[in-house]
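As the structure is a computational prediction, the values presented were derived from the model and not from experiment. Note that the numbering runs from 1 along the sequence shown for the chain.
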Amino acid sequence: MKKFIKSIMLGAAVLGATSAFAAPKAKSLILATKFLDSEETAMSLRKVEKAINERGKSCNLSIKMYPGLTYAKAADCMEQISQGANVISCDGINFIAEYVPDYDAVTGPFLYADMAEYLAMTKTKLVKDLNAKAAKQGIHVLSLDYVFGFRSMMTNKVIAKPADMKGLKIRVPESKIYSCTLEALGATPIAMPYVDTYSAIQQKVIDGVEGSISTYWGTKQYENVKNYSLTNHILGVSGIAMSESYWKKLTKEQQQIIAEEFEKGAKDLYEVTMAKEGEMMEKLKAEGVKVNTVDTPAFSSACASVYSKKNFPKWSEGIFDKIQAELKIIRSKK
């Protein structure tokens with residue numbers, strides 16, 4: 001009898017040890033983005049995809065990327081994410097702002113003198129607190145650091161001052177901060193997915209778009225419009241977000257791989273953007289694009305009204321002043 005009990009206990013111990021070292025449950029993720037494969041952001045994300053799939057072999061983790069809105073629009077992705085889906089979204093931070101409105105304030109017009117200031121802002125307690133609020137809404141923010149350059153006007157009309165914007169129909173993302181910015185500049189904002197803009201310009205549904213140098217070059221918009229007016233009104237940034245509940249289902253190793261590779265992707269995009277903007281600008285000029293300087297103070301002054309509680313009643317009290325205070329600290333360290 002004693003031998004029988006001992007045998008059972010030994011068997012249970014072996015079974016327990018086997019379970020302890022069992023491979024983690026397979027996790028397959030979807031990486032959805034608006035960016036086309038010809039754009040630098042998508043190229044950096046492809047590196048992330050490859051690295052996660054390579055490292056993920058050891059822990060049953062895989063990811064598949066869907067560029068150019070081939071999976072779903074950003075708003076739909078964020079809804080799925082908030083409900084626990086296996087989706088990671090790379091798109092405008094304004095879509096996270098639908099759940100935590102103060103994100104819009106952090107990415108508004110004429111806030112940053114350069115990309116480094118913005119990247120310093122994402123490390124502040126102010127932004128970390130926003131990320132904590134997002135988690136309570138079911139959204140795990142992996143990164144806000146996917147910067148791809150300042151956005152300017154791509155039109156066939158030369159733009160030098162805000163008055164030149166009057167009457168122009170300019171495509172903007174489906175975002176209130178962008179719509180308010182273009183309205184403040186005198187234009188008529190037309191919200192639509194970027195992938196629809198190429199034909200929309202040809203059909204004269206819109207007069208132009210606003211976007212970064214890399215967007216202008218990567219999407220071949222220079223075939224449609226030949227003036228790039230350097231308003232630099234908003235920094236082009238994307239956030240990487242996934243479901244908080246799904247994140248918690250991952251093993252520590254799976255979490256580490258995802259966090260590390262998306263961080264590397266952000267650094268890669270920043271370095272490439274800094275290194276290639278000049279080169280892409282020269283390529284645009286070779287395609288017949290005329291680059292125009294603008295009255296920057298006039299554009300900045302026109303956008304001051306954007307940061308109004310009337311425009312954004314859901315913003316927390318004093319958020320703009322808090323952002324300015326953080327910027328003052330960031331600039332004092334330069």
With a 4.5 Å heavy-atom cut-off, do [X] and [Y] have their side chains touching?
X	Y	result
E244	I139	no
Q221	T197	yes
T107	I234	no
L36	P67	no
H233	F110	yes
I170	M154	no
P109	Y307	yes
I63	I30	no

Could you tell me whether a side-chain N or O of [X] sits under 3.5 Å from a main-chain N or O of [Y], the two making a donor and an acceptor?
X	Y	answer
R171	I206	no
N86	L29	no
T251	Q254	yes
K314	D102	no
N311	V306	yes
S301	P297	no
K333	I329	no

- Task: Show your reasoning for whether side-chain contact (heavy atoms from CB on, under 4.5 Å) applies to R46 and E49.
- Result: CA-CA 5 Å; R46 284 294 186 192; E49 177 190 39; 2.9 Å; yes

Which value, rounded to the nearest 0.5 Å, describes the distance between [X] atom [atom1] and [Y] atom [atom2]?
X	Y	atom1	atom2	result
R151	S214	CZ	OG	9.5 Å
I213	F150	CD1	CZ	11.0 Å
W315	S308	CH2	OG	8.5 Å
L61	Q256	CG	CD	12.0 Å
T273	K276	OG1	NZ	9.5 Å
L144	I240	CG	CD1	9.0 Å

- Item | Verdict with supporting geometry, Y228 and Y216, ring pair (Phe, Tyr, Trp, His ring centres under 6.0 Å) | CA-CA 9 Å; Y228 193 47; Y216 201 174; 5.0 Å; yes

Shared hydrophobic cluster, [X] / [Y] (ILVMFWY, side-chain heavy atoms < 4.5 Å):
X	Y	value
L69	I88	no
I319	Y112	yes
V87	V48	no
L168	V205	no
M78	L45	no

- Task: Quick one: list whatever passes salt bridge (charged side-chain N to carboxylate O under 4.0 Å, His left out) with E261, sequence neighbours left out.
- Result: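 Salt bridge (charged side-chain N to carboxylate O under 4.0 Å, His left out) check on E261 returns R55, K264.
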
- Would you mind telling me which of N232, L185, V209 makes a side chain to side chain contact (heavy atoms under 4.5 Å, CB included) with M153?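 So the option named by the test is L185.
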
- Of all residues at least two apart in sequence or in a different chain, which pass the ring-ring contact (aromatic ring centres under 6.0 Å, His included) check with F35?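 F148.
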
Between [X] and [Y], does any side-chain N to carboxylate O distance fall below 4.0 Å?
X	Y	answer
D104	K176	no
E117	K334	yes
D164	K161	yes
E326	K322	no
R331	D114	no
D207	K157	no

- Do Y103 and V106 pass the side-chain contact (heavy atoms from CB on, under 4.5 Å) test, and can you show the C-alpha distance, the side-chain angles, and the key distance before you say yes or no? CA-CA 5 Å; Y103 278 116; V106 176; 5.5 Å; no

Could you pull out the closest heavy-atom pair between [X] and [Y], with the gap in Å?
X	Y	answer
L126	I323	CD1-N, 4.0 Å
S175	N94	CB-ND2, 3.2 Å
G239	I93	N-CG1, 3.6 Å
V100	K133	CG2-C, 3.9 Å
S38	G218	OG-O, 2.6 Å

- Audit row: K125, D129, salt bridge (Lys or Arg N to Asp or Glu O under 4.0 Å) steps and yes/no: CA-CA 6 Å; K125 183 179 183 300; D129 286 346; 2.8 Å; yes

Using distance alone, with no hydrogens and no angle criterion, decide if [X] and [Y] have a side-chain donor and acceptor under 3.5 Å apart.
X	Y	answer
S243	S245	yes
N292	N227	yes
Y198	T219	no
D91	S238	no
S82	Q137	no

Check whether more than 12 heavy atoms from other residues, nucleotides or ligands sit under 6.0 Å from atom [atom1] of [X], and answer yes or no.
X	atom1	result
K267	NZ	no
K73	NZ	no
K248	NZ	no

- Query: Should the pair K27 and Y246 be classed as cation-pi, given the thresholds of under 6.0 Å to the six-membered ring centre and 45° from the axis?
  - Reply: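 Flagged: K27 positioned over aromatic ring of Y246.
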
- Task: Compute both the distance and the angle, then confirm whether K64 meets the cation-pi test with Y66: under 6.0 Å from the six-membered ring centre, within 45 degrees of the axis.
- Result: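 Yes, K64 sits over the ring of Y66.
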
- Item | Full working for side-chain contact (heavy atoms from CB on, under 4.5 Å) between E287 and W217 | CA-CA 10 Å; E287 293 290 339; W217 175 253; 4.0 Å; yes

- Query: For K283, what residues pass the side-chain hydrogen bond (donor to acceptor under 3.5 Å, both in side chains) criterion, not counting sequence neighbours?
  - Reply: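 Once residues adjacent in sequence are excluded, the partners of K283 under the side-chain hydrogen bond (donor to acceptor under 3.5 Å, both in side chains) criterion are E279.
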
- Message: side-chain contact (heavy atoms from CB on, under 4.5 Å), that's the test. Do S89 and I81 meet it? Break it down for me.
- Response: CA-CA 8 Å; S89 173; I81 285 169; 3.7 Å; yes

